[in-house]
> 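Encoded as structure tokens, here's the structure I'll be asking about.
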Number of protein chains: 2
Amino acid sequence: MLDVAKAANVSVATVSAVINGSAPVSPELRSRIEEAIQVIGYKRNAIARSLKLGTTRTVGLMVADITNPFFTDVVAVIQDVLHRAGYAVMLCCNDEDVEMQDEQIELLIDRSVDGLIIAPAGDDETLKRIIAGANLPTVLIDRLLDGIDTDAVVLDNRRAVHDATLYMLGLGHRRIGYISGSLETSTGRERLAGYKAALEAAKLPHEDDLVRIGNFREKDAYKATMQLLTSTERPSAIFSANNLMVIGVMKAIRDIGLKCPEDVSVASFDDFPWADVFQPHLTTIAQPVQAIGEQAAQLILDRLSGKSPAAPRRLVLQGRLMIRESCRPVSLTPRAIA
Amino acid sequence: MLDVAKAANVSVATVSAVINGSAPVSPELRSRIEEAIQVIGYKRNAIARSLKLGTTRTVGLMVADITNPFFTDVVAVIQDVLHRAGYAVMLCCNDEDVEMQDEQIELLIDRSVDGLIIAPAGDDETLKRIIAGANLPTVLIDRLLDGIDTDAVVLDNRRAVHDATLYMLGLGHRRIGYISGSLETSTGRERLAGYKAALEAAKLPHEDDLVRIGNFREKDAYKATMQLLTSTERPSAIFSANNLMVIGVMKAIRDIGLKCPEDVSVASFDDFPWADVFQPHLTTIAQPVQAIGEQAAQLILDRLSGKSPAAPRRLVLQGRLMIRESCRPVSLTPRAIA
DNA sequence: CAGCCTATTCTAAACGTTTCGAAGGTGTCA
DNA sequence: TGACACCTTCGAAACGTTTAGAATAGGCTG
């Protein structure tokens with residue numbers, strides 16, 4: 001910038017004024033400066049600018065698992081919206097690991113991001129302290145954090161699972177296995193609550209051994225399903241609390257020599273683009289990923305531009321039950337013990 | 001930092017020395033300073049540091065489509081390795097859009113990233129000019145750029161598709177449809193070349209109307225497959241040049257009332273975690289995503305630490321043909337015209 | 001023509017670090 | 001005791017911007 005100023009024979013203040021349009025500059029100087037910028041090929045240094053302005057036009061985005069297509073879709077739209085608004089996105093993922101999560105958040109804050117969008121891996125005290133301490137515009141997506149009162153966009157998890165469970169119950173299933181996500185997360189807890197509520201509404205006793213923790217990961221879900229299927233009273237249906245886990249569920253069913261839906265009905269949280277072309281066509285709960293991403297981005301943008309009301313805004317979206325072919329009436333499930 | 005210096009009654013230079021361990025400091029002052037840091041809760045400002053040092057410890061990562069599980073997997077490991085090395089990752093994706101790609105790269109460079117890892121959407125002149133002009137450590141992944149001579153890690157695409165085609169040929173297929181990716185990308189071109197080479201080796205005439213462009217996207221692949229399947233001489237097998245497109249291929253097969261593999265054999269580039277549990281079990285070419293990510297990250301890390309040789313390093317990995325059940329001998333394909 | 005107002009331009013401080021070279025203190029040796 | 005070296009600490013400049021306020025020039029008014 002100093003070079004430009006010299007070349008155009010003006011002060012840096014004037015150069016800054018034409019670049020930012022922050023002050024009136026005579027046409028003559030303006031064109032001289034613009035030419036000098038062209039000739040020199042000058043690019044304003046964003047770091048220096050950030051230092052002075054105290055803003056980086058960058059938002060930190062942390063999700064638990066970028067390998068999960070649900071998060072991927074959401075990240076893609078957030079990234080898109082934010083870019084259009086001139087913001088860069090700094091991405092972190094932590095493999096559902098709480099320790100790494102703390103590090104990553106620190107790293108983002110250290111880089112002076114202007115805001116944070118987070119899908120937390122777990123309800124960690126350290127994390128909450130860090131977030132509170134950072135005092136940055138923050139929006140939580142997918143998962144809430146007890147005691148952290150910020151903007152957020154989440155799904156009505158309880159209701160979605162409640163409805164799905166009701167659907168399976170309606171098919172006559174009485175022993176429905178439930179592969180749960182980590183109960184450290186609000187989604188893990190809410191989804192399980194939906195399942196239990198539906199059982200209760202149907203006046204079925206809650207049986208602890210029908211619920212197994214799969215931690216939202218394929219491997220753990222595989223093991224959990226194995227246990228479920230080799231137990232004395234095998235369930236006639238299984239619900240998986242997310243997309244990654246349902247792969248593990250299906251693998252376990254296959255490895256144990258059973259078939260879905262003939263022997264076991266299966267339904268899952270999160271939809272797949274290929275769900276109605278590969279068999280069995282999975283019955284799922286589809287999340288409005290586009291809307292989640294857009295609204296999260298908008299929430300942080302509003303907050304950053306000071307347009308938001310002081311009170312945190314909490315958006316709750318509804319899932320959609322996609323009934324396909326992986327669940328059958330229990331009467332058509334010959335080997336079922338239900 | 002000034003506050004810390006005052007509190008400990010020393011100069012900022014000394015504070016900086018203990019924080020960075022860049023100069024010897026007496027035990028007494030050191031402990032006094034460390035205490036002051038604790039008390040004040042001081043965090044060094046990375047922006048100011050970057051300004052002085054001319055380095056941000058951030059690398060820009062741009063992939064064509066973060067919704068594509070292949071890229072997702074690679075991004076996840078790159079992110080992981082880089083984080084361990086103390087680098088942050090700034091992520092961009094451009095939906096295979098060349099214009100947006102230019103913008104995004106500019107945005108990354110504008111943020112003063114220390115290096116760039118790119119899977120370019122297309123062989124765009126502007127992009128190449130920008131990259132060359134930025135004069136940053138750069139590593140290309142998955143796709144090369146004509147005339148840009150940097151570190152890179154890619155797959156031996158030609159050979160992988162060549163082998164897969166040979167496999168289908170071995171099953172007796174003579175009319176193999178090919179849904180190609182964008183020929184603006186090196187992968188698009190190389191994969192197609194592998195297909196053609198295999199046909200040639202089998203002394204089969206090359207027929208232009210067996211090759212359709214699907215641009216690596218599901219929708220385009222769907223249309224392309226529709227054309228292929230409604231043509232007068234329907235192919236008995238179809239190869240899809242990536243994972244997203246094979247969904248489109250399968251949807252078209254379904255919508256036209258055919259079955260895979262009974263009526264049409266299908267194989268595809270890129271593997272899926274669910275490929276051997278949902279039907280038909282797809283025959284695919286698996287890429288070593290872990291290795292690609294690790295090596296790309298290592299390449300940029302070496303370059304950033306000046307450990308690399310001056311000459312660019314080009315790593316070529318091999319794909320693996322995962323033979324499953326979506327391809328059958330042509331003799332078992334009753335309705336085939338082949 | 002002095003005085004004043006406006007429009008434009010400039011000077012200089014500030015953002016929070018790092019680091020070079022200087023300064024001060026202590027110890028050793030002739 | 002003076003010269004010298006070494007070790008620790010410090011002052012101040014520099015990185016590249018933005019911006020408040022001062023300065024300058026020109027035009028207008030009384």
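What you see below is based on every heavy atom in this structure, not just the backbone, and it leaves out hydrogens, waters and symmetry mates. Each chain gets a letter, A, B and so on, in the order the sequences are listed, and its residues count up from 1.
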> Would you mind reading off the distance between D3(A) atom CG and dT17(D) atom P, rounded to a whole angstrom?
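These atoms are roughly 9 Å apart.
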
> Going by an N to O cut-off under 4.0 Å, is there a salt bridge joining D110(A) and R57(B)?
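No, D110(A) and R57(B) are not salt-bridged.
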
> Round to a whole Å and report the spacing from CZ of R49(A) to C1' of dT18(D).
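Rounded to whole Å, this separation is 8 Å.
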
> Any side-chain N or O of S11(B) below 4.0 angstrom from OP1/OP2 of dG11(D)?
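Looking at the OP1 and OP2 atoms of dG11(D), neither is under 4.0 Å from any side-chain N or O of S11(B).
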
> Rounded to whole angstroms, how far apart are CD1 on I47(A) and C1' on dT18(D)?
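Checked: the CD1 to C1' distance equals 16 Å.
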
> Knowing that exactly one of T56(A), N20(A), T55(A) qualifies, which makes a side-chain hydrogen bond (donor to acceptor under 3.5 Å, both in side chains) with R49(A)?
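Exactly one pass, corresponding to N20(A).
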
> Round to a whole Å and report the spacing from CG of N20(A) to P of dT19(D).
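In whole Å, dT19(D) P and N20(A) CG are 7 Å from each other.
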
> Would you call R32(B) and E28(B) a salt bridge, taking side-chain N to carboxylate O under 4.0 Å as the test?
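Looking at E28(B) together with R32(B), the answer is yes, because their closest N to O distance falls below 4.0 Å.
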
> Rounded to the nearest Å, what distance is computed from the CZ atom of residue R44(B) to the C1' atom of nucleotide dT18(C)?
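Going from CZ in R44(B) over to C1' in dT18(C) covers 10 Å.
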
> Using a strict threshold of under 4.0 Å (side-chain N to carboxylate O), is an ion pair present between R217(B) and D65(B)?
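The answer is yes: the pair qualifies as a salt bridge.
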
> Measure the distance from CG on N9(B) to C1' on dT9(D) and round it to the nearest whole Å.
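These atoms are roughly 12 Å apart.
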
> Would you say N45(A) reaches dC15(D)'s phosphate, i.e. side-chain N/O to OP1/OP2 under 4.0 Å?
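The answer is no; no side-chain N or O of N45(A) sits under 4.0 Å from OP1 or OP2.
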
> Can you identify which nucleotide, out of dT9(D), dT17(C), dT11(C), has its nearest atom closest to the Y42(B) side chain?
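In terms of side-chain proximity for Y42(B), the closest of dT9(D), dT17(C), dT11(C) is dT17(C).
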
> For L53(A) and dA13(C), what is the distance between atoms CG and C1' respectively, to the nearest whole Å?
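Between C1' of dA13(C) and CG of L53(A): 16 Å.
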
> Using atom CZ of R111(B) as one end and atom P of dT17(D) as the other, report the distance to the nearest whole Å.
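Distance, rounded to whole Å: 15 Å.
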
> Nearest-nucleotide wise, let me know which of K52(B) and T14(A) is further upstream toward the 5' end of DNA chain C.
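The residue whose closest nucleotide sits nearer the 5' end is T14(A).
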
> At 4.0 Å (heavy atoms only), tell me whether S26(B) reaches a base, stays on the sugar-phosphate, or touches nothing.
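Touches sugar-phosphate only.
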
> So which one's nearest nucleotide on DNA chain D is more toward 5', L51(B) or S22(A)?
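The residue mapped nearer the 5' terminus is L51(B).
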
> Closest approach to the side chain of V12(B), judged atom by atom: which nucleotide of dC10(C), dT9(D), dA12(D) is it?
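Nearest nucleotide to the side chain: dA12(D).
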
> Salt-bridged, E184(B) to R143(B), with N to O below 4.0 Å?
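Salt bridge: no.
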
> With heavy atoms under 4.0 Å as the rule, sort L2(A) into base, sugar-phosphate or nothing.
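It contacts nothing in the nucleic acid.
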
